[in-house]
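For reference, the structure is listed below as structure tokens.
Quick note on labels: first sequence line is chain A, next is B, and so on, each numbered from 1. Only this structure's heavy atoms are used, side chains among them; waters, hydrogens and symmetry mates stay out.
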Amino acid sequence: MTQQNTSGDLMEKLVALCKRRGFIFQSSEIYGGINGFWDYGPLGVELKRNIKEAWWQDTVTKRDDIVGLDCSIIMNPKVWEASGHIVNFNDPLVDCKSCKARFRADKVFAVTAKDGENVLLQVGAEAETDEQAKAAAIAGTNSKTRRRVEDHADRIAWEIWRADKAPAGASNLCPLCGGALTDARKFNMMFKTFVGAMEDSSSVAYLRPETAQGIFANYKNVLDSTRIRPPFGIAQIGKSFRNEINPRNFTFRSREFEQMEIEFFCHPSEADKWYAYWRDERYNWYIGLGLTSSKLRLRPHEKTELAHYAKACADVEYQFPFGVSELEGVANRTDFDLTQHQKFSGKDMAYFDDETKQRYIPHVIEPSGGCDRATLAFLCEAYTEDTAPDENGNPQARTVMKFHPRLAPVKVAVFPLVKKEGMPETATKIHQACKRAGLASFYDEKGAVGRRYRRQDEAGTPFCATVDGQTALDQTLTIRDRDTLKQERISTDKVVAYVREKLGL
RNA sequence: GCGGGCGUAGCUCAAUGGUAGAGCGCCAGCCUUCCAAGCUGGCUGUUGUGGGUUCGAGCCCCAUCGCCCGCUCCA
């Protein structure tokens, strides 16, 4: 409890800082906001762009076996029929909490037989009517119970209800394993819209709930338009939409979010190998960008946790202040998706290997990461409170965002120590040189230099270059490290090279 | 979705049912030769929104939106 209160404070501070410094705003805030949607401000958009750029560099640009793609958000609705997203869209469903089986709520009944206060029988049954449910319940029980029910038929009180009409507080039972079922609900998780001006059933379309299906739908196009061959991957970054019942935890569960997904196609016999490869590769990617390994976990899914299409799955999880939650899932989706699309589209999805003369539908390993979740994790990781000495040498509280330099929204800030003696002019020139060199640079001459340092600390700027009295004499300035507060004197014309080297560029 | 808490200036918070305030920040200047607190002046509100009660509502009532916490959920 204490820990959660502390954590809550940390999250509150982070949310406040994000708003104050322009990382993240609530969407449509002037109209009272809208639940589950968020905007990235000037610093936030730079941070998020840097994360996406790092991902693209590391998964596409630096590799020979992955190509990129950018699909439309709205696709032919048949895509979602094939993927399974649209199944039973309008029917209330219940899920078994134990065995994960799913049923239409109007086809599952709870049957209870009571002899006075004595419950003889309480089961779930798949059926169309009350009578069928009762019959199924009797048929499914053991012979002893069946005899008691039949012998005392006149004393037995039957309670039978449909899963979507359960009395308040009553829970339904799984017809297969006897486990508890969730409440009945509609899975209208996809945002629905209409293509064209007419709003009728023939024009219904959906905002994609994942970018993956666009990749599967283009798998043939990529094979035919490039000379890439399995094992190979297709990567995409893009927005997806899910009408989450309960958005929560700042940007963590949003209704509009950005995904970074790879679908990696390989021979079925190599799927396990590639699954292990990508699981480790993706886990290490986050560590390389500064998430500490003690807060990062790689958690393999239990068999019962696996979705129907997955043979194996592991989550990269991060210990957020509000709990351990998923950043990315790496799944072995087998040939499920391509087979589905082959079935629904009638197009052949098999790949013919000229060397082995073998024809097969590739299996797919899917590393699927949440860009906004990664951004939030990097924000949480970066948030640090420490102390720095003030002008009298007394320690003062300091808030600093310790972003990995590669992700920092601003790479370098350039200051004149004081606003006179030509220092602003010199500093401006250096600032301009940094910008020309492609470094995100910020110029500030307002107020005391200590205040400017602190402002940059909150923005997470790794380096501050300060022009002082000595600059005019020997063309050197001080460059200050965000984390250590240490300063070095370097030549004014070395600022770009210095920052680049520290960024690892 | 259920239960609880909260919503006042950019931020943190005050204000018996009776004239909406403070600190910080921000802006303009001054002073400042290296780590936020010096000086002068200035800006800021349909008290989340909509109704209702009242002579009078930031305060009481209802609804609604949003945020936080706990359950639930996350094919």
Side-chain angles (χ1 to χ4, degrees), chain A residues 1 4-5 7-9 11-13 15-17 19-22 25-38 80 83-89 93-95 97 100-102 168-169 171 180 182-190 209-210 242-250 252-255 305-310 321-323 325-326 329 387-400 415-421 423 445-458 464-472 477-482 485-487 489:
Chain A
M1 275 301 146
Q4 285 186 341
N5 289 339
S7 303
D9 288 347
M11 212 52 210
E12 271 174 43
K13 286 179 187 171
V15 172
L17 182 142
K19 183 177 179 187
R20 188 171 71 246
R21 310 300 327 198
F25 308 123
Q26 190 182 12
S27 170
S28 340
E29 190 187 325
I30 59 169
Y31 292 105
I34 178 167
N35 197 355
F37 298 88
W38 300 91
W80 308 113
S83 69
H85 286 85
I86 215 166
V87 172
N88 289 331
F89 183 78
L93 301 175
V94 291
D95 290 321
K97 293 175 181 175
K100 306 291 171 193
R102 161 163 293 184
S171 61
T182 61
D183 290 340
R185 65 228 152 160
K186 288 190 175 182
F187 278 86
N188 46 351
M189 181 208 66
M190 283 196 290
E210 62 178 31
R242 292 184 195 178
N243 214 343
E244 296 286 356
I245 293 169
N246 191 2
R248 200 55 83 84
N249 291 329
F250 200 25
F252 184 81
R253 182 173 298 138
S254 301
R255 291 186 165 126
E305 232 181 319
L306 292 174
H308 59 282
Y309 51 73
F322 49 79
S325 295
E326 177 189 352
T387 55
D390 66 11
E391 56 191 332
N392 301 317
N394 302 317
Q396 299 288 342
R398 176 177 82 129
T399 301
V400 51
F415 306 146
L417 184 58
V418 291
K419 201 164 48 170
K420 58 185 183 187
E421 295 170 18
M423 292 181 208
E445 59 177 29
K446 301 287 175 61
V449 73
R451 180 175 296 272
R452 288 177 252 154
Y453 285 142
R454 296 302 177 86
R455 265 197 279 255
Q456 292 308 311
D457 288 339
E458 280 203 341
C464 293
T466 303
V467 171
D468 58 18
Q470 194 178 327
T471 307
L477 47 59
T478 63
I479 192 149
R480 174 243 198 204
D481 183 279
R482 175 194 68 199
L485 304 179
K486 293 214 175 89
Q487 289 178 300
R489 277 207 91 82

Would you say [X] reaches [N]'s phosphate, i.e. side-chain N/O to OP1/OP2 under 4.0 Å?
X      : N     : result
A:N249 : B:C69 : yes
A:R455 : B:C26 : yes
A:N35  : B:C67 : yes
A:R248 : B:C73 : no
A:R451 : B:A36 : no
A:K19  : B:C11 : yes

Residue pair A:Y453, A:L485: steps toward the side chain to side chain contact (heavy atoms under 4.5 Å, CB included) verdict:
CA-CA 10 Å; A:Y453 285 142; A:L485 304 179; over 6 Å; no
Does [N] pair with anything, Watson-Crick or G-U wobble, both distances under 3.5 Å, and if so, with which nucleotide?
N     : result
B:U64 : B:G48
B:C35 : none
B:C74 : none
B:C27 : B:G41
B:G58 : none
B:U12 : B:A22
B:G3  : B:C69

Distance between the [atom1] atoms of [N] and [M], in whole angstroms?
N     : M     : atom1 : value
B:G17 : B:G7  : P     : 15 Å
B:C55 : B:U12 : C1'   : 36 Å
B:G48 : B:A14 : P     : 14 Å
B:U44 : B:A9  : C1'   : 5 Å
B:G41 : B:C24 : P     : 14 Å
B:G58 : B:C73 : P     : 43 Å
B:G45 : B:C6  : P     : 27 Å
B:U49 : B:G66 : P     : 15 Å

Decide ring pair (Phe, Tyr, Trp, His ring centres under 6.0 Å) for A:F322 and A:F250; before the verdict, give the C-alpha distance in whole Å, the side-chain angles of both, and the deciding distance to 0.1 Å.
CA-CA 10 Å; A:F322 49 79; A:F250 200 25; 9.3 Å; no
Over how many whole Å does the gap from [X] atom [atom1] to [N] atom [atom2] extend?
X      : N     : atom1 : atom2 : value
A:M11  : B:C68 : CE    : C1'   : 11 Å
A:F415 : B:A36 : CZ    : C1'   : 12 Å
A:Q26  : B:G7  : CD    : P     : 16 Å
A:L485 : B:A36 : CG    : C1'   : 13 Å

In B/S/- notation (B base, S sugar-phosphate only, - none; protein heavy atoms under 4.0 Å), nucleotides 28-34 of chain B written 5' to 3' is S---BBB
Smallest separation among heavy atoms of A:F25 and A:K19, with atom names:
CE2-O, 3.5 Å
So which one's nearest nucleotide on RNA chain B is more toward 5', A:R21 or A:A16?
A:A16
[X] side, atom [atom1]; [Y] side, atom [atom2] - distance, nearest 0.5 Å:
X      : Y      : atom1 : atom2 : result
A:E210 : A:S83  : CD    : OG    : 6.5 Å
A:M11  : A:N249 : CE    : CG    : 6.5 Å
A:L477 : A:R489 : CG    : CZ    : 7.0 Å

Has the side chain of A:R20 got a donor or acceptor atom sitting under 3.5 Å from an opposite partner on the base of B:C11?
no
Is A:R242 reaching over with its side chain to a backbone N or O of A:P209, donor-acceptor style, under 3.5 angstrom?
yes
Output yes when A:E458 and A:R398 qualify as a salt bridge under the 4.0 Å nitrogen-oxygen rule, no when they do not.
no
Please determine if A:R452 and A:D457 form a salt bridge, counting it only when a charged side-chain N lies under 4.0 Å from a carboxylate O.
no
Categorize A:F252 for me: base, sugar-phosphate, or nothing, with a 4.0 angstrom heavy-atom threshold over every strand shown.
nothing
